[in-house]
Number of protein chains: 2
Amino acid sequence: MASFNNNSDNSLPESAVPEVVIQRLPLYVRVLTQFSSSGEEVISSEQLGTRLQMTPAQIRKDLSYFGRFGKQGRGYNISILEGKLRTILGLDRTWNAAVVGMGRLGRAVVSYPGFAPEGFNILAAFDANEEIVGQSISGLKVESISKLTQSVKDHDIKIGIVTVPIDHAQEVIDALVEAGIRSILNYAPLSPQVPEGVTVRGIDPVLSLQSMTYYIK
Amino acid sequence: MASFNNNSDNSLPESAVPEVVIQRLPLYVRVLTQFSSSGEEVISSEQLGTRLQMTPAQIRKDLSYFGRFGKQGRGYNISILEGKLRTILGLDRTWNAAVVGMGRLGRAVVSYPGFAPEGFNILAAFDANEEIVGQSISGLKVESISKLTQSVKDHDIKIGIVTVPIDHAQEVIDALVEAGIRSILNYAPLSPQVPEGVTVRGIDPVLSLQSMTYYIK
DNA sequence: GTTTGTGAAGGATTTCACAGCA
DNA sequence: TGCTGTGAAATCCTTCACAAAC
């Protein structure tokens, strides 16, 4: 990522479907959603490819890992394909998340309006600083990190979002893993160590900038 | 990826070095910086690999595209390697950037303290809304988008950061390209169309979440 | 006529494995 | 002895090209 950049990926479960393919599916979902709201009914791999700047063959091959969703001579029904892909990705349900680290970044994350419409609900917020614990931020009561395991269980939290400073990131990630979390979105600028079966995706705009400068230098 | 996940990459300049390799170099810089501040002098590809959860062979191969930086039997001198990689990536200088879109996200970006220490200076901020234009945000006077081309020239801006809502993102990106920008960090949830020679990196935490749910579903 | 789905081919990237040097 | 640098091998991923379906 490699985006884009920037994905630490730790030995995911055995599967015939390449990891890169899985990472492209959300892209397909995104354009399909945009197309469907524009009144179109059918879309070809050619049109999808134009939108995403990739080859039609790649799109067809990616989709073929999961089934036969198109009709020869016509293309793909937009809303049906979108639905299939959402089901494949597990987006036909909602997911509960917890944010750890309620400084500047954590506050921005919990108040970001883009998660809920996509089914990602932030139900808990944690911080190590006792002055912040107890505060209410965007409707969330900040809890002590010592409550993590209990809260993960109580709220059926499946996703951890790490927004602590770098020097506490690894220990927070260890705590999340300890609490049973297997999917982590990491905003701290480090590549954390995680056991097999735990997926970490990193969000670091600086890494993205640092690889772009190579091409303009 | 990238990520990673999440990188639109449009036909970069001809080069012998694979794009994936370029995207990993900032990762190496990041760990080297962390190691060097810990007093160590030398590091082996094995140690780097452990930190980054990748194979030592891959690290050695990546580095070999650019030269011979190590010493057999010892490893790599941390600060020398860091310096070499920074030079390769163009990080031995500073880069000026402009943010377009001064809503919630744009404000978070200009006030993010992680860019400047890495040499990325945000020198201009733009918005289409006349009520925001003229305001001062984090020490930046917000300008009208009509001033884009002139401002890019005046400040020697090389990087555009897009934080406008999705329905204006493509036109803003067109305007940046028109103004001569060839590197764009895009926070809007769309894969923009850009001409050859322009690099776009997307930052979209939702895409990252959507590919992780596949593995926990 | 158009576009899918897919084996086969081609290309790219990763890993192996070891010669060579410190 | 320990670790790099690197061709060669292995693996992974993308693209081709075309039969089949509409």
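Computed from heavy atoms alone, side chains included, the values below leave out hydrogens, waters and symmetry copies. Below, read A as the first sequence line, B as the second, and so on, with proteins coming before strands; counting in each chain starts at 1.
In this structure, the nucleotide among D:dT14, D:dC22, D:dC13 sitting nearest to the side chain of A:Pro18 is D:dC13. Picking from D:dG5, C:dG5, D:dC22 the nucleotide with the shortest atom distance to the side chain of B:Ser64 gives D:dG5. Nearest to the side chain of A:Val20, among C:dG5, D:dC13, C:dG20, sits D:dC13.
Distance check: B:Tyr28 OH to B:Ile59 CD1 gives 5.0 Å after rounding to the nearest 0.5 Å. To the nearest 0.5 angstrom, B:Phe126 atom CZ is 3.5 Å from B:Ser151 atom OG.
Contact between the side-chain N/O atoms of A:Gln58 and the OP1/OP2 oxygens of D:dT14 is found at a separation under 4.0 Å. The side chain of A:Tyr76 places no N or O atom within less than 4.0 Å of a non-bridging phosphate oxygen (OP1 or OP2) of D:dC22. Between A:Arg68 and C:dT6 there is a side-chain N or O to OP1 or OP2 distance below 4.0 Å. Put simply, B:Thr55 has no side-chain N or O that comes within less than 4.0 Å of OP1 or OP2 on C:dT14. A:Ser45 has no side-chain polar atom (N or O) that falls below the 4.0 Å cut-off from OP1 or OP2 of C:dT3. When the side-chain nitrogen and oxygen atoms of A:Arg24 are compared with OP1 and OP2 of D:dT14, one or more of them lie within a distance under 4.0 Å.
Paired with B:Ile203 under the rule side-chain contact (heavy atoms from CB on, under 4.5 Å), one option of B:Thr163, B:Leu185, B:Leu105 passes, and it is B:Leu185.
Between the CE atom of B:Met54 and the P atom of C:dT13 there is a distance of 14 Å, given to the nearest Å. Rounded to a whole Å, the CD1 atom of A:Ile43 is 14 Å from the C1' atom of C:dT4. If you take CD1 of B:Ile22 and C1' of C:dT13, they are 14 Å apart, rounded to a whole angstrom. For the pair B:Glu46 CD and D:dC3 P, the interatomic distance rounds to 8 Å; values are reported in whole Å. Straight-line distance from the CD1 atom of A:Ile78 to the P atom of C:dT3: 14 Å, rounded to whole Å. Rounded to an integer number of Å, the gap from A:Asn77 CG to C:dT3 P is 16 Å. Atom CD in A:Gln23 sits about 14 Å away from atom C1' in D:dC13, given to the nearest Å. Distance, A:Phe66 CZ to C:dT6 C1': 16 Å, rounded to whole Å.
With hydrogens and angles ignored, a donor-acceptor pair closer than 3.5 Å exists between the side chain of A:Arg60 and the base of C:dG5.
Mapping A:Lys61 and A:Lys71 onto DNA chain C by nearest heavy atom places A:Lys71 closer to the 5' end of the strand. The nearest heavy atom of DNA chain D to B:Leu63 and to A:Gln72 marks one nucleotide each, and the one closer to the 5' end goes with B:Leu63.
A 6.0 Å sphere centred on CD of B:Gln170 holds more than 12 heavy atoms belonging to other residues, nucleotides or ligands.
A cation-pi geometry, defined here as NZ or CZ lying under 6.0 Å from the six-membered ring centre and within 45° of its normal, does not hold between B:Arg30 and B:Phe35.
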